[in-house]
> 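Shown below is the structure under consideration.
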Amino acid sequence: MARSKRSASNDDGQQQQEWLAVGDYQETKLEIYQRKKKIAYAITGIVVVLAVGIITAMALWFVLKEPPPLAVPTKVDLRFGASNESRDDARFELDVGLPLKLTVKSEKDGGWDAVLNLGATFGPVKYHSVCPGGSTLERPCYLVKTNSTQYRVELQHEIHYRKYEEAPQLKCTTVGWTADLAEEVTDCIGLGGGEGANSRRWFGGGLLFEQRWPMTLDKPMTEFVSADILQVKTDYGSLLEPYWISTDGIAVIVEYDAKNQPLHTSWNNSGDGQLCISARFRDSSYVYADQTSLKLKYSVCVGSDIAHVHQSVLQYRNPWPKPSGIPAETIFEKPIWSTWVSFKKQITQDKLVDFINDIVDKGFNGSHIEIDDGYHVKYGDFSFNNVSFPRPKDVINLAKQRGFTVTVWVYHFLNHDSQAFMEAVDEKFLVWDKGGKTPAITSWWDGKIAGLLDFTNPNASDWFFNRLKAFQNEYGIESFKFDGGESNWTPDSRQFFQQSVNPDYLGKVYSHLANDAIGNALEVRIGLHTQELPVFVRMLDKDSVPGYDNGLKTMIPTALVFGLLGYPFILPDMIGGNAYRNTSGDANAGVHLEGSSFPSEKLYLRWLAATIFMPSVQFSITPWHYPATNELDPTAVALKLLKKREAYTDLFVNLAKESMVTGYPIIRPLWWMNGTDAMSWTIDDQFLVGDTIMIAPALDESSGRYIYIPPGTWSDELLKRNVTGPQNQFYAVPFDDVPVFRRLF
């Protein structure tokens, strides 16, 4: 037993020593690493759990801080300006799970209401609430949430009374959206339908290659910017304004600022029967400037008919500035003679001398001799080529002696091989690329590598116009024909001195500076919310063809669009068109400036008759280009029609002065006098001069045409009789005359 106890005691001592040994044990590095790794995992797990909890709590707080969905979804149903118990002027509907809807009621019995789908791109409403600060019946305001995006929509309804109590009212509802810069807002209005003469027709928007009156367009969502439609024929043209009116008295007016607003539009896109207007930056050439939010604001107005709504909008809404003056009166009174079509770039001093002498010797006069492309060596350097123009002052003095002033063609491009380009690069006067390291290179019809002057830079503007003034003073030039200015010449990778959203801002500043520096004897070819300028705006080059493919049949529709959008001082394109050779059937192939393909003699005379009662007249193809025959003497015809025009020049000047007060056009559509006359809505080959003179030229080489006589009694100056409308009547129209009707009552 004793032995057994010793053994147990020894065993206990040995075990204690082993425990002590374990307590003194030194861990290996691998074991230390593995132990710390386990501790780190444990700490990380704790941190992750805490982070998830914090994020969840923050998300819950963010959701709860937003106005919660209404406990019982309440539909907003606002009715504006109730004119009687059975009818509202406008109605706004907002409901959870449904798109927003605005209905502006037509003033016309049985007419189409303007039905707008608001927020067309962001789907049904998730929830809504009134704006911070409240919402009133006069100016309702709502925050609208769809998915994770919030938008702010405000409305205002106004009634404008005309001067006379018995006259109809103009009623307008204004919609204003505000959203984050990264978002998109799109609203759409139904274009209406119907069949036959009483279906809804629309007018406005801007110039197109195939100009129609009324609009017949199928256009996808596109940036609302100007372009040279000779280069890309599917774009909008060089004059545009986001304003549309319909035959049943609806007007859509977008408040548009070329410097700050990214505007897109579509028209009956793939036959969807809608006009859609959209504001967005993404996926476009628009760039951020100083904006803090995305905005879209527009008004929908209703009147009793198309004439009433348009004239009332001009009187009460002032959608654009009225002309601040009128151009030089001599341009209303005498034709312009341009070298372009007759000589293209092959103009020389000797040819110009012969041109001037021929004009006078044939019995004509003129306001300007216009020296077009081809007079200089390098594009960008304003000087005469001393080979083709060895003594330019002599020929300019000859023009003055023979009763003309002299205008010279200029532009805002600087080709890379010009001295002006190098100077502008050194001074940083060009539009720069986004990085600000090199000029933003463009190409144009006279140069593949060129810079574009940045007129938003005051120093660049001063430099450009000081050079023009020096050129003007050295040779005795009276004025200039300013070419270009559309946004398609501005590279997408651009940086203006004064940053702007829209590339059209550069063209707008270009037009203003031209007017400020030169005065009212000039012409421009762009209209970009510049209606106040007292200058002639010319039509972009027409092709020497009879049809709607930029030919003669687009002349009157183009003039009517000019007037509708606030540009009364119309310079029609040259009589007979530009005689370009189009060697491709590709609609976007552009034009070939070299060589000529003149129109036939009869088409030329029809063109002359269509132009002779426009606010100004412009020749380049001369009447004596066509030899006299026993049948026709084009020179004698031109002299006869110009003499006929002289009796109306005072009317043109008086109407020009009237436009400064009213904003009314000089050239007016037939529906101007009676907006309910459905027959007048689709007449695109007749026009009014003021309210009392109707012109009905023949536009093809046939012997006559049907003429629509509007309601009332008219003096037919061609057949020397009175005629009463409404009626359609066939007229034999000689090639040496144009049907003119004077309204009696």
> Are the side chain of Arg494 and the backbone of Ser285 linked by a donor-acceptor contact shorter than 3.5 Å?
yes
> Once rounded to the nearest 0.5 Å, what's the spacing between atom OH of Tyr142 and atom CD of Glu154?
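Between atom OH of Tyr142 and atom CD of Glu154 there are 12.0 Å.
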> Going by the angle between their ring planes, with limits at 30° and 60°, are His310 and Trp672 parallel, tilted or perpendicular?
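Geometry flag for Trp672 against His310: perpendicular rings.
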> Should Glu184 and Thr186 be marked as a side chain to side chain donor-acceptor pair (under 3.5 Å) after you check the CA-CA gap, both sets of side-chain angles, and the distance that decides it?
CA-CA 7 Å; Glu184 173 182 357; Thr186 301; 3.2 Å; yes
> Compare every heavy atom of Gly675 with every heavy atom of Trp681, then report the nearest pair and how far apart it is.
NE1-O, 3.0 Å
> Any sub-3.5 Å donor-acceptor pair from Ser299's side-chain atoms to Thr174's backbone N or O?
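Between the backbone of Thr174 and the side chain of Ser299 there is no qualifying donor-acceptor contact (under 3.5 Å).
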> Kindly determine whether Gln156 and Thr173 satisfy side chain to side chain donor-acceptor pair (under 3.5 Å), including the steps that lead there.
CA-CA 6 Å; Gln156 182 178 10; Thr173 303; over 6 Å; no
> Would you please test Trp432 and Phe497 for ring-ring contact (aromatic ring centres under 6.0 Å, His included) and show each step?
CA-CA 8 Å; Trp432 231 243; Phe497 181 84; over 10 Å; no
> Is a donor from one side chain sitting under 3.5 angstrom from an acceptor on the other, for Tyr298 and Asp187?
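Tyr298 vs Asp187: donor-acceptor pair found between side chains.
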> With sequence neighbours left out, write down each residue that passes ring-ring contact (aromatic ring centres under 6.0 Å, His included) with Tyr286, or none if nothing qualifies.
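ring-ring contact (aromatic ring centres under 6.0 Å, His included) check on Tyr286 returns His264.
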> For the pair Arg525 and Asp228, find out whether any cationic side-chain nitrogen is under 4.0 Å from an anionic carboxylate oxygen.
yes
> Please lay out, stage by stage, how Glu532 and Lys508 fare under the test salt bridge (Lys or Arg N to Asp or Glu O under 4.0 Å).
CA-CA 12 Å; Glu532 74 273 27; Lys508 181 176 181 177; over 6 Å; no
> Supply the atom-to-atom distance Ile245 CD1 to Met215 CE, rounded to the nearest 0.5 angstrom.
11.0 Å
> Does Lys297 NZ have over 12 foreign heavy atoms under 6.0 Å away?
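No, NZ of Lys297 has 12 or fewer neighbouring heavy atoms, counting only those of other groups under 6.0 Å.
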> Check whether any side-chain heavy atom of Leu94 sits under 4.5 Å from a side-chain heavy atom of Val125, and report yes or no.
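In short, these two side chains touch, coming nearer than 4.5 Å.
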> By salt bridge (charged side-chain N to carboxylate O under 4.0 Å, His left out), which residues pair with Glu183, not counting sequence neighbours?
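Per chain and number, Glu183 pairs via salt bridge (charged side-chain N to carboxylate O under 4.0 Å, His left out) with no residue.
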> Can you see which heavy atom on Pro214 is nearest to which on Thr682, and at what distance?
CD-CA, 3.8 Å
> Verify the neighbour count for atom NZ of Lys101: are there more than 12 heavy atoms of other residues, nucleotides or ligands below 6.0 Å?
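Atom NZ in Lys101 is not packed in, count stays at 12 or less.
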> Quick one: do Lys295 and Glu255 make a salt bridge, cutoff under 4.0 Å?
no
> Can you find a heavy atom in the side chain of Ile250 that is under 4.5 Å from one in the side chain of Trp202?
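Yes, at least one pair of side-chain atoms sits under 4.5 Å.
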> Would you say Ser493 and Asp433 are linked by a side-chain donor-acceptor pair, where the criterion is simply a distance under 3.5 Å?
no
> Does a donor on one side chain sit under 3.5 Å from an acceptor on the other, for Asn515 and Tyr510?
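No - no donor-acceptor pair under 3.5 Å links their side chains.
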> In the structure I gave you, are the side-chain heavy atoms of Phe496 and Thr490 within less than 4.5 Å of one another anywhere?
yes
> Give, for atom CG of Leu528 and atom OG of Ser226, the distance between the pair rounded to the nearest 0.5 Å.
4.5 Å
> Side chains of Val104 and Phe92: does their closest heavy-atom pair fall under 4.5 Å?
no
> Please identify each residue that fulfils side chain to side chain contact (heavy atoms under 4.5 Å, CB included) with Glu210, with sequence neighbours left out.
Arg212, Tyr548
> How far apart are the C-alpha atoms of Ile667 and Leu560, what are their side-chain angles, what is the distance that settles it, and do they pass the side-chain contact (heavy atoms from CB on, under 4.5 Å) test?
CA-CA 6 Å; Ile667 302 301; Leu560 293 173; 4.0 Å; yes
> What side-chain hydrogen bond (donor to acceptor under 3.5 Å, both in side chains) pairs are there with at least one residue in residues 265-275, not counting sequence neighbours?
Tyr236-Thr265
> Looking at side-chain heavy atoms only, is the closest gap between Phe455 and His412 below 4.5 Å?
yes
> Is the distance from the ring center of Phe203 to that of Trp213 below 6.0 Å?
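Aromatic pair counts; centres sit under 6.0 Å.
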> Restricting to non-hydrogen atoms, name the atom on Gln495 and the atom on Gly436 that form the minimum distance, rounded to 0.1 Å.
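Here Gln495 and Gly436 meet closest at OE1-N, 4.1 Å.
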> Looking at side-chain heavy atoms only, is the closest gap between Tyr664 and Pro568 below 4.5 Å?
no
> Hey, is the main chain of Val185 close enough, under 3.5 Å, to the side chain of Ser278 for a donor-acceptor pair?
yes
> Is the backbone N or O of Asp677 less than 3.5 Å from a side-chain atom of Ser680, with the two atoms forming a donor-acceptor pair by type?
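Side chain of Ser680 to backbone of Asp677, a donor-acceptor pair under 3.5 Å: yes, one is there.
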> Determine yes or no for a side-chain-to-main-chain donor-acceptor pair under 3.5 angstrom, with Ser659 supplying the side chain and Gly663 the backbone.
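Pair absent, no side-chain N/O of Ser659 close to backbone of Gly663.
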> Run the side-chain contact (heavy atoms from CB on, under 4.5 Å) check on Cys301 and Arg317 step by step: do they pass?
CA-CA 10 Å; Cys301 298; Arg317 300 292 296 189; 4.3 Å; yes
> Under a 3.5 Å distance rule, please check whether Asp305 uses its side chain to pair with a backbone N or O of Ala307 as donor and acceptor.
yes
> Go through it in stages, so that I can follow the logic: the residues are Val287 and Gln499, the test is side-chain contact (heavy atoms from CB on, under 4.5 Å), and I'd like the CA-CA distance, side-chain angles, deciding distance and then a yes or no.
CA-CA 9 Å; Val287 297; Gln499 195 53 271; 3.8 Å; yes
> Rounded at 0.5 Å granularity, tell me how far CG in Asp235 sits from OG in Ser487.
8.0 Å
> For Glu241, enumerate each residue passing the salt bridge (charged side-chain N to carboxylate O under 4.0 Å, His left out) test, keeping only those at least two apart in sequence or located in another chain.
none
> Counting N and O atoms only, with roles assigned by atom type, does the side chain of Gln311 sit under 3.5 Å from a partner on the main chain of His308, one being a donor and the other an acceptor?
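Judged by distance alone, no pair lies under 3.5 Å.
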> To check you understand the geometry: which heavy-atom pair defines the closest contact between Leu564 and Tyr243, and what is its length?
O-CE2, 4.2 Å
> Given side chains that start at C-beta, do those of Leu430 and Leu452 come closer than 4.5 Å, heavy atoms only?
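Sidechains of Leu452 and Leu430: no contact.
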> Apply side-chain contact (heavy atoms from CB on, under 4.5 Å) to Val175 and Trp177, showing your working.
CA-CA 7 Å; Val175 179; Trp177 284 100; 3.9 Å; yes
> How close do Leu506 and Val431 get, heavy atom to heavy atom, and via which atoms?
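Closest approach of Leu506 to Val431, heavy atoms only: CD2-CG2, 4.0 Å.
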> What's the spacing between Ile229 CD1 and Thr234 OG1 if we round to 0.5 Å?
10.0 Å
> I'd like to know if the side chain of Thr676 reaches the main chain of Asn674, judged simply by a donor and an acceptor atom lying under 3.5 Å from each other, with no hydrogens or angles considered.
no
> Between the side chain of Ser312 and the main-chain N/O of Val309, is any donor-acceptor distance below 3.5 Å?
no
> What's the separation between atom CG in Leu296 and atom CD in Gln261, rounded to the nearest 0.5 Å?
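The CD atom of Gln261 is 6.0 Å from CG of Leu296, to the nearest 0.5 Å.
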> Has the side chain of Thr222 got a donor or acceptor atom that lies under 3.5 Å from a matching backbone atom of Pro220?
yes
> Do Phe562 and Leu207 come within less than 4.5 Å of each other through their side chains, counting heavy atoms only?
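Of all side-chain heavy-atom pairs linking Leu207 with Phe562, at least one is under 4.5 Å.
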> Under the rule for salt bridge (charged side-chain N to carboxylate O under 4.0 Å, His left out), what residues qualify as partners of Asp77, not counting sequence neighbours?
Arg79, Arg91
